[in-house]
J.: 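Please find one structure pasted underneath; my questions will follow.
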Amino acid sequence: MISFVLPTIAPNIIHYLMWEQDTSIGMALMLILFMLFIIYASLIQGKNILENIELRIKSHESEQKIQHLAFHDALTGLPNRSLFNDRIEQALCAEMRGKNPIAILFIDLDGFKHVNDSYGHAVGDELLQTIANRFKTIVRSYDTVARIGGDEFVVIVQKIEQRDDITKIANKLLREASNPMEISGHNINISSSIGIAIYPDHGTDKETLITNADNAMYLAKDNGKNTIQVHAV
């Protein structure tokens with residue numbers, strides 16, 4: 001309101017002050033004009049501050065979205081290969097001091113290509129999202145499940161107290177992958193093959209552990225699929 005009225009009445013008030021003989025009236029009008037100007041300037045300043053804050057918030061949100069997309073799989077929301085590599089490096093640094101084992105579980109879905117070929121990529125994408133959500137409910141808060149491409153997932157298992165805990169988690173992942181799914185009216189059944197490599201038994205660096213887990217996964221496929229294979233030293 002003030003931002004509309006002030007520019008309208010200000011010229012009239014100034015014109016009146018130039019010809020007003022009564023000094024007290026002129027001073028009063030001058031004071032009113034000054035106060036209105038202060039209020040008007042404050043409103044403009046406040047508007048600019050709010051606009052600046054809004055721009056900063058939007059810029060921060062955009063940066064967060066860009067950062068999230070850079071380190072997460074766009075389809076499933078899981079960590080991608082880049083974030084997985086960072087997580088395993090951190091895990092190795094932490095466990096090298098504590099001398100505790102770390103397990104890398106390399107998971108490949110059996111029959112995923114058949115689903116894509118038979119029902120289309122939209123169904124295949126929804127299947128991957130369903131599997132990702134199932135896997136997330138199994139791993140613990142300090143573990144990591146990532147999608148590193150196609151139908152391949154990798155899990156980092158940390159803070160292992162007993163070696164049996166590794167196979168227990170792997171078996172849960174195996175069961176969740178093989179549970180039937182209904183997607184877009186289609187009843188879909190698939191399975192998975194899981195290869196396991198354990199630090200420090202099967203390697204002490206990221207590349208060796210991933211390679212050994214990957215090789216164990218292919219051995220699981222050769223052994224009939226829907227099974228778990230631990231890397232053989």
Side-chain angles (χ1 to χ4, degrees), residues 59-109 112 125 128-177 192-221 227-233:
S59 176
H60 179 67
E61 290 175 347
S62 296
E63 289 176 3
Q64 286 183 319
K65 288 180 180 178
I66 292 171
Q67 187 175 16
H68 181 84
L69 290 173
F71 294 103
H72 290 82
D73 175 51
L75 179 64
T76 64
L78 293 176
N80 60 15
R81 187 183 294 272
S82 296
L83 185 53
F84 164 76
N85 286 331
D86 182 64
R87 293 272 178 89
I88 192 172
E89 291 282 7
Q90 292 180 18
L92 287 171
C93 289
E95 300 303 344
M96 281 177 183
R97 295 190 295 269
K99 303 300 181 182
N100 293 321
I102 299 171
I104 304 300
L105 280 60
F106 206 107
I107 308 168
D108 187 86
L109 301 182
F112 179 72
D125 287 348
L128 291 172
Q129 291 170 333
T130 301
I131 291 293
N133 290 330
R134 289 181 177 184
F135 285 173
K136 283 191 292 187
T137 64
I138 293 172
V139 300
R140 301 161 299 178
S141 59
Y142 41 80
D143 297 329
T144 296
V145 55
R147 180 184 177 222
I148 60 173
D151 60 340
E152 293 180 334
F153 298 83
V154 184
V155 178
I156 306 171
V157 181
Q158 298 178 253
K159 299 183 181 180
I160 301 168
E161 296 181 359
Q162 297 180 354
R163 295 300 177 99
D164 289 346
D165 293 340
I166 301 171
T167 53
K168 287 179 181 178
I169 292 174
N171 276 309
K172 288 181 180 179
L173 294 166
L174 205 69
R175 286 195 299 270
E176 283 297 327
S192 64
S193 298
I194 302 179
I196 300 175
I198 303 171
Y199 164 89
D201 302 14
H202 307 140
T204 57
D205 61 88
K206 175 184 67 178
E207 289 76 15
T208 301
L209 287 168
I210 294 173
T211 298
N212 289 338
D214 189 23
N215 290 337
M217 181 271 294
Y218 280 107
L219 185 58
K221 283 188 175 293
T227 188
I228 300 166
Q229 181 68 47
V230 179
H231 175 71
V233 180

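Below, all heavy atoms of this structure are taken into account, side chains as well, without hydrogens, waters or symmetry copies.
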J.: Between atom CD1 of I228 and atom CD1 of I166, what is the distance when rounded to the nearest 0.5 Å?
T.: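 The distance works out to 11.0 Å.
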
J.: What residues form a ring-ring contact (aromatic ring centres under 6.0 Å, His included) with F106, not counting sequence neighbours?
T.: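 Checked F106 against ring-ring contact (aromatic ring centres under 6.0 Å, His included); zero matches.
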
J.: Minimum heavy-atom separation for P101 and I198, please, with both atom names.
T.: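 For P101 versus I198, the nearest heavy atoms are CB-CG2, 4.0 Å.
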
J.: By side chain to side chain contact (heavy atoms under 4.5 Å, CB included), which residues pair with L219, not counting sequence neighbours?
T.: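 With sequence neighbours excluded, L219 shows a side chain to side chain contact (heavy atoms under 4.5 Å, CB included) to N223, Q229, given in chain and number order.
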
J.: Who pairs with D108 by side chain to side chain donor-acceptor pair (under 3.5 Å), at least two apart in sequence or on another chain?
T.: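 For D108 the side chain to side chain donor-acceptor pair (under 3.5 Å) partners, ignoring immediate neighbours, are K221.
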
J.: Kindly give the heavy-atom pair with the smallest separation between A91 and Q158, and that separation in Å.
T.: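 Closest approach of A91 to Q158: CB-NE2, 3.4 Å.
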
J.: Partners of T144 by side chain to side chain donor-acceptor pair (under 3.5 Å), sequence neighbours excluded?
T.: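 Only R87 meet the side chain to side chain donor-acceptor pair (under 3.5 Å) criterion with T144.
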
J.: Kindly say whether R81 contributes a backbone atom to a donor-acceptor pair with the side chain of N85 at under 3.5 angstrom?
T.: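 Yes, the answer is positive, given that a donor and an acceptor are paired below the 3.5 Å cut-off.
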
J.: Hydrogens and angles aside, do Q129 and D125 bring a side-chain donor and acceptor to less than 3.5 Å of each other?
T.: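 No donor-acceptor contact under 3.5 Å links the two side chains.
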
J.: Which residues satisfy the side chain to side chain contact (heavy atoms under 4.5 Å, CB included) test with E176, sequence neighbours excluded?
T.: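 Expected list: R134, I138, N179.
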
J.: Applying side-chain contact (heavy atoms from CB on, under 4.5 Å), run through I210 and F84 and close with a yes or a no.
T.: CA-CA 11 Å; I210 294 173; F84 164 76; 3.6 Å; yes

J.: To the nearest 0.5 Å, tell me how far L173 CG sits from R175 CZ.
T.: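 Atom-to-atom, L173:CG and R175:CZ are 9.5 Å apart.
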
J.: After noting the C-alpha distance and the side-chain angles of V154 and D214, does the key distance pass the side-chain contact (heavy atoms from CB on, under 4.5 Å) rule?
T.: CA-CA 9 Å; V154 184; D214 189 23; over 6 Å; no

J.: Let me confirm one number: the CD1-CG distance from I131 to L109, rounded to the nearest 0.5 Å.
T.: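 Taking CD1 in I131 and CG in L109, the distance rounds to 5.5 Å.
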
J.: Can you list every pair that meets salt bridge (Lys or Arg N to Asp or Glu O under 4.0 Å) and has a residue in residues 149-173, with sequence neighbours left out?
T.: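 Non-adjacent pairs meeting salt bridge (Lys or Arg N to Asp or Glu O under 4.0 Å): R163-D201.
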
J.: Quick one: closest heavy-atom pair of A170 and I196, and the distance?
T.: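 Closest pair (atom of A170, atom of I196, distance): CB-CD1, 4.0 Å.
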
J.: Going by salt bridge (charged side-chain N to carboxylate O under 4.0 Å, His left out), name the residues that satisfy it together with D143, two or more places apart in sequence or in a different chain.
T.: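 Checked D143 against salt bridge (charged side-chain N to carboxylate O under 4.0 Å, His left out); matches are R140.
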
J.: Can you name the side chain to side chain donor-acceptor pair (under 3.5 Å) partners of T227, sequence neighbours left out?
T.: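 Result, side chain to side chain donor-acceptor pair (under 3.5 Å) vs T227: none returned.
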
J.: K136: which residues meet the side chain to side chain contact (heavy atoms under 4.5 Å, CB included) condition with it, sequence neighbours left out?
T.: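 Scan of K136 (side chain to side chain contact (heavy atoms under 4.5 Å, CB included), adjacent residues dropped) gives L78, N133, V145.
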
J.: Between I104 and I156, is any pair of side-chain heavy atoms under 4.5 Å apart?
T.: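 When only atoms from C-beta onward are counted, I156 and I104 do touch, with a gap below 4.5 Å.
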
J.: For side-chain contact (heavy atoms from CB on, under 4.5 Å), just list the numbers for L92 and I102, CA-CA rounded to whole Å, side-chain angles, deciding distance to a tenth of an Å, and then say yes or no.
T.: CA-CA 8 Å; L92 287 171; I102 299 171; 3.9 Å; yes

J.: Only counting residues at least two apart or in another chain, list the ones meeting side chain to side chain contact (heavy atoms under 4.5 Å, CB included) with A197.
T.: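 A197 satisfies side chain to side chain contact (heavy atoms under 4.5 Å, CB included) with H202, L209, N212, A213 once adjacent residues are dropped.
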
J.: Which residues pass the ring-ring contact (aromatic ring centres under 6.0 Å, His included) test with F153, not counting sequence neighbours?
T.: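 Once residues adjacent in sequence are excluded, the partners of F153 under the ring-ring contact (aromatic ring centres under 6.0 Å, His included) criterion are F135.
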
J.: Looking at residues at least two apart in the chain, or sitting in another chain, which of them share a side chain to side chain donor-acceptor pair (under 3.5 Å) with S192?
T.: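 Once residues adjacent in sequence are excluded, S192 has no partner under the side chain to side chain donor-acceptor pair (under 3.5 Å) criterion.
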
J.: Please check if the side chain of T204 supplies one atom and the backbone of P200 the other of a donor-acceptor pair under 3.5 Å.
T.: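 Flag not set: sc T204 to bb P200 has no pair under 3.5 Å.
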
J.: What residue among L128, I107, N80 forms side-chain contact (heavy atoms from CB on, under 4.5 Å) with R147?
T.: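 Single side-chain contact (heavy atoms from CB on, under 4.5 Å) partner of R147 among L128, I107, N80: L128.
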
